[in-house]
Asks: 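Encoded as structure tokens, here's the structure I'll be asking about.
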2 protein chains.
Amino acid sequence: MKKIAVLGITGSIGASTVEVVRAHPDKFQIVLASAHTNQKKLFKLAQEFHIDHLVITSLEANPDSHLLDDLRLYFGEKELLQLITELDIDIVLNAITGAAGLLSSLTTIRAQKDLALANKESLVLAGHLIKKEMQKSRSRLLPVDSEHSAIFQCLASHRNSEIKKVILTASGGPFRTLPLAEFSKITVAQTLAHPTWSMGKKVTIDSATMMNKALEVIEAHWLFDLPYERIEAVLHQHSIIHSFLQFADGSILAQLSKPTMKLPILYALTHPQHIEADIVHTDILSLPPLEFAPLEKDRFPLFFLARKCGETGGLLPTIMNAVNEAAISLFLAEKIHYTDIYRLIAAALEKENNIENPDLETIITTNTEIHQKYLQDYKEYLN
Amino acid sequence: MKKIAVLGITGSIGASTVEVVRAHPDKFQIVLASAHTNQKKLFKLAQEFHIDHLVITSLEANPDSHLLDDLRLYFGEKELLQLITELDIDIVLNAITGAAGLLSSLTTIRAQKDLALANKESLVLAGHLIKKEMQKSRSRLLPVDSEHSAIFQCLASHRNSEIKKVILTASGGPFRTLPLAEFSKITVAQTLAHPTWSMGKKVTIDSATMMNKALEVIEAHWLFDLPYERIEAVLHQHSIIHSFLQFADGSILAQLSKPTMKLPILYALTHPQHIEADIVHTDILSLPPLEFAPLEKDRFPLFFLARKCGETGGLLPTIMNAVNEAAISLFLAEKIHYTDIYRLIAAALEKENNIENPDLETIITTNTEIHQKYLQDYKEYLN
């Protein structure tokens with residue numbers, strides 16, 4: 001249970017804070033609240049949350065007025081600062097409006113308490129003094145402004161257990177808008193002309209069929225220890241946002257840049273550091289509008305089929321992958337149609353038997369055998 | 001200097017890896033490279049990067065063929081796996097295409113070397129075996145796929161020193177598209193009607209004038225220890241992305257959600273954890289196109305003036321802020337026009353003297369005096 005003080009509880013940020021505390025009564029307890037003038041609202045909140053200490057900052061202290069029914073009432077900034085210092089508080093959320101919030105921020109830091117800062121004037125007027133006090137204090141400075149919280153969230157480290165969902169983006173490849181009626185006539189050249197990524201042939205064809213995205217879903221399952229229902233994929237035609245990470249509280253992080261594999265490679269080699277490098281210049285102001293769309297079942301049936309193989313697990317992903325590699329070779333050799341890639345894999349999955357928890361030898365042998373088999377006898381399975 | 005092995009160096013990911021290494025000769029040294037068939041390209045790269053060990057995986061080993069000029073040549077998968085195990089390598093970047101990459105991944109992990117994984121089939125076919133080996137190994141699994149790298153980057157923690165730039169987003173407030181000729185007739189009611197955020201009066205007016213964004217720039221300067229040239233602001237009318245963080249290597253993280261202050265507040269109270277909470281549902285597929293535009297000087301002159309005050313520092317931000325608070329009171333009381341808010345602050349900044357490194361008492365006294373002065377004598381300064 002975190003004990004929090006909410007300064008400026010009757011304002012707009014105060015109202016949001018109250019909603020947060022109301023939703024998590026097991027996590028937060030308000031032990032001190034202040035309002036500048038709105039006594040009525042302050043008293044109402046005090047009753048709901050059993051707040052022990054209340055301050056009305058616009059009034060001056062008056063020795064006779066400190067008790068109202070069961071509430072302990074204080075008046076003026078001086079008494080507020082004294083309570084911040086003396087009470088047992090973990091975090092002071094400073095949502096006082098304007099320059100009036102400065103002394104509360106400084107006092108919080110001096111009292112070694114964490115400061116959740118919604119009062120930007122504290123830093124605007126006296127950033128140099130706040131920083132100096134911070135150096136002498138164990139207090140943490142936690143931004144509440146949505147913009148600064150965004151940056152703060154991007155800087156923090158997170159554990160897989162906090163993940164609610166990952167959402168992979170997919171460019172949609174060359175056939176994102178092609179009329180479905182034309183799919184049977186798709187050529188190799190059309191398939192190899194990827195709109196946003198320049199890649200090898202195999203992965204370019206996998207990007208067109210969206211097999212690639214299904215492989216990535218399976219990859220994400222293993223990389224981030226996530227059940228399949230927590231992994232999604234959306235179309236994002238410009239390939240600027242490379243994926244989304246949604247946390248348990250609903251907040252989402254995204255990583256973006258103009259499409260280049262050099263950045264992920266560099267990061268893999270330098271993780272956890274982003275080193276100084278002149279790889280890609282992404283000017284936010286020159287970006288196209290960032291748009292997202294669902295993956296259609298009719299257009300990308302292989303995504304859904306292959307994802308399902310991943311969910312089933314065992315030897316099925318190996319079988320699916322081996323037939324896919326064979327089908328791509330056949331398509332590149334113009335022996336089968338584009339739409340036959342899906343048909344061949346679907347036929348194989350009907351025919352072949354799954355094995356749970358296969359060992360390495362089984363995986364490697366099956367991969368070779370299935371690949372050979374469908375490369376040779378594909379005609380049989382396409383009838 | 002990190003010693004890396006690049007498996008599949010002649011492919012598309014290999015080419016990007018080569019560019020990364022070429023740009024950072026002081027950081028990375030390729031000690032082992034493999035190609036499936038493209039010998040010519042492999043030899044050329046070996047010469048450029050002085051790669052000591054080369055493997056051609058499509059050929060079988062032949063005792064007489066291991067030396068070609070000064071190059072040490074190896075053949076087939078078995079010799080590749082042996083080199084991965086025996087050589088002094090920090091990171092193996094596995095960019096082999098397809099199921100053929102599986103044994104290299106497993107061998108890398110067994111050899112306690114970090115695995116930068118571009119071969120998704122390793123996990124698709126044998127995720128369960130890879131994970132089991134990882135548990136017994138010190139090896140780290142570093143995703144190279146752009147989507148997984150995105151998630152990986154979002155999970156990692158970063159230091160302020162890695163920041164190249166922060167880019168705050170601004171909704172643009174109610175006057176983002178109002179013709180400039182109509183600014184002199186703006187009413188209080190118009191100003192208080194913010195399109196995306198529901199907030200208190202003071203901050204709503206500051207959002208319209210963009211003073212709020214300048215205050216946030218100053219806040220970011222102190223919060224994240226950044227010089228002003230590394231802090232920018234862009235218009236983003238829908239307030240979905242709350243800010244961008246650009247790292248030294250050009251990669252960008254963003255945090256997003258439908259606009260609500262509850263999320264930043266909850267995060268400030270639970271940092272560094274995102275706890276399970278039912279605050280906001282942001283469906284990526286229902287988002288409007290995310291667009292960004294520059295802040296125009298004519299439309300938001302106060303942003304540029306106030307930002308400049310932050311850069312100058314000293315007592316200037318206090319003076320600016322005090323006059324702004326006075327001007328907002330005057331505007332709310334309909335004593336001055338909307339455009340007078342800027343004029344009054346500009347006049348004050350001309351008139352008042354700055355003090356460097358002011359102490360707390362000076363800040364507080366000046367704030368009160370300046371506020372009173374401009375609240376009373378505003379007419380004098382608007383002529």
Side-chain angles (χ1 to χ4, degrees), chain A residues 11-12 16-17 20 97 99 116 120 123-125 127 142 144 146-147 149-151 153-158 162 166 168 199-200 202 215 218-219 222 242-243 245 247-256 261-262 264-266 268 272 274 276-277 279-280 284 289-292 317-318 363 367, chain B residues 11-12 16-17 20 97 99 116 120 123-125 127 142 144 146-147 149-151 153-158 162 168 199-200 202 215 218-219 222 242-243 245 247-256 261-266 268 272 274 276-277 279-280 284 289-292 317-318 363 367:
Chain A
S12 159
S16 290
T17 308
V20 166
T97 302
K120 51 196 83 171
L123 289 172
V124 170
L125 274 60
L142 309 156
V144 169
S146 61
E147 295 80 359
S149 177
I151 295 160
Q153 292 182 44
C154 289
L155 284 169
S157 76
H158 303 292
E162 293 168 54
V166 302
L168 311 177
M199 306 175 290
K202 159 77 167 64
L215 297 179
I218 300 172
E219 196 182 2
W222 292 110
H242 302 305
S243 276
L245 170 53
F247 291 108
D249 58 9
S251 180
I252 299 172
L253 294 191
Q255 186 268 337
L256 54 150
M261 280 310 298
K262 286 190 270 173
I265 290 169
L266 181 67
H274 288 275
E276 189 75 37
I279 282 180
V280 59
I284 299 290
L290 304 179
E291 297 182 273
F292 311 98
T318 300
I363 290 173
N367 181 59
Chain B
S12 158
S16 291
T17 307
V20 166
T97 302
K120 52 195 82 169
L123 289 172
V124 170
L125 275 59
L142 309 156
V144 169
S146 60
E147 295 80 359
S149 177
I151 296 160
Q153 291 181 45
C154 289
L155 284 169
S157 74
H158 302 291
E162 294 168 54
L168 310 178
M199 306 175 290
K202 158 77 167 63
L215 297 179
I218 300 172
E219 195 183 3
W222 291 110
H242 302 305
S243 274
L245 170 54
F247 291 108
D249 58 9
S251 179
I252 299 172
L253 295 190
Q255 186 268 337
L256 53 151
M261 280 310 297
K262 286 190 269 173
L263 215 44
I265 290 169
L266 181 67
H274 289 275
E276 189 73 40
I279 282 179
V280 60
I284 299 290
L290 304 179
E291 297 183 275
F292 311 98
T318 300
I363 290 173
N367 181 60

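Protein chains get the first letters and strands the later ones, always in sequence-line order, with residue 1 at the start of each. This structure is a prediction, so every number in the text was calculated from the model and none was measured.
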Asks: Which one, B:Thr97, B:Leu168, B:Val280, B:Leu155, leads in non-hydrogen pairs under 4.5 Å with chain A?
Replies: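 Of the options given, most contacts go to B:Leu155.
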Asks: Given the options B:Ala254, B:Gly250, B:Ala116, B:Ser12, which has more heavy-atom pairs under 4.5 Å with chain A than any of the others?
Replies: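 Highest number of pairs under 4.5 Å: B:Ala254.
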Asks: Can a donor-acceptor pair be found, under 3.5 Å and without considering hydrogens, that links the side chain of B:Ser157 to the backbone of A:Ser157?
Replies: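 Judged by distance alone, no pair lies under 3.5 Å.
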Asks: Which answer fits B:Ile363, side chain, backbone, both or neither, if we ask what part of it has an atom under 4.5 Å from a heavy atom of chain A?
Replies: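 The answer is the side chain of B:Ile363.
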Asks: Between A:Leu123 and B:Ile218, does a side chain to side chain contact (heavy atoms under 4.5 Å, CB included) hold up when you go through it step by step?
Replies: CA-CA 7 Å; A:Leu123 289 172; B:Ile218 300 172; 5.8 Å; no
Asks: What residue in B:Leu142, B:Thr17, B:Leu125 has the most heavy-atom pairs under 4.5 Å with chain A?
Replies: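 Option with the top pair count is B:Leu125.
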Asks: Which one, B:Ala268, B:Pro289, B:Ala99, B:Gly127, leads in non-hydrogen pairs under 4.5 Å with chain A?
Replies: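 So the answer, after comparing B:Ala268, B:Pro289, B:Ala99, B:Gly127, is B:Gly127.
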Asks: Please examine the side chains of A:Ile279 and B:Asp249, heavy atoms only from C-beta on, and report whether any two atoms are closer than 4.5 Å.
Replies: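 A side-chain contact under 4.5 Å is absent here.
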Asks: Can you tell me which of B:Gln153, B:Glu276, B:Met261 forms the most heavy-atom pairs within a distance under 4.5 Å of chain A?
Replies: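 Winner by heavy-atom pair count: B:Gln153.
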Asks: My understanding is that only residues two or more places apart in sequence, or in another chain, count here; which of them pass ring pair (Phe, Tyr, Trp, His ring centres under 6.0 Å) with B:His274?
Replies: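 If we apply the ring pair (Phe, Tyr, Trp, His ring centres under 6.0 Å) test to B:His274, skipping adjacent residues, the hits are A:His158, A:Phe247, B:Tyr267.
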Asks: Closest approach of A:Ser16 and B:Lys262, non-hydrogen atoms and distance?
Replies: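 Scanning both residues, the minimum pair turns out to be O-CG, 3.7 Å.
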Asks: Highest number of heavy-atom pairs under 4.5 Å with chain B: which of A:Leu266, A:Leu256, A:Val144?
Replies: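 Most heavy-atom pairs within the cutoff with chain B belong to A:Leu256.
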Asks: My understanding is that only residues two or more places apart in sequence, or in another chain, count here; which of them pass side chain to side chain donor-acceptor pair (under 3.5 Å) with A:Thr318?
Replies: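 Result, side chain to side chain donor-acceptor pair (under 3.5 Å) vs A:Thr318: none returned.
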Asks: Against chain A, work out which of B:Ser243, B:Gly11, B:Pro317, B:Pro272 has the most heavy-atom pairs shorter than 4.5 Å and name it.
Replies: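 Heavy-atom pairs under 4.5 Å are most numerous for B:Ser243.
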Asks: Which bit of A:Leu245 is near chain B, if near means a heavy-atom gap under 4.5 Å: side chain, backbone, both or neither?
Replies: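 A:Leu245 touches chain B through side-chain heavy atoms alone.
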Asks: Please flag which part of B:Lys202 lies under 4.5 Å from any non-hydrogen atom of chain A: side chain, backbone, both or neither.
Replies: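 Side chain only.
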Asks: Cut-off 3.5 Å, side chains only: do A:Ser149 and B:Gln255 have a donor facing an acceptor?
Replies: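 Side-chain D/A pair, A:Ser149 to B:Gln255: absent.
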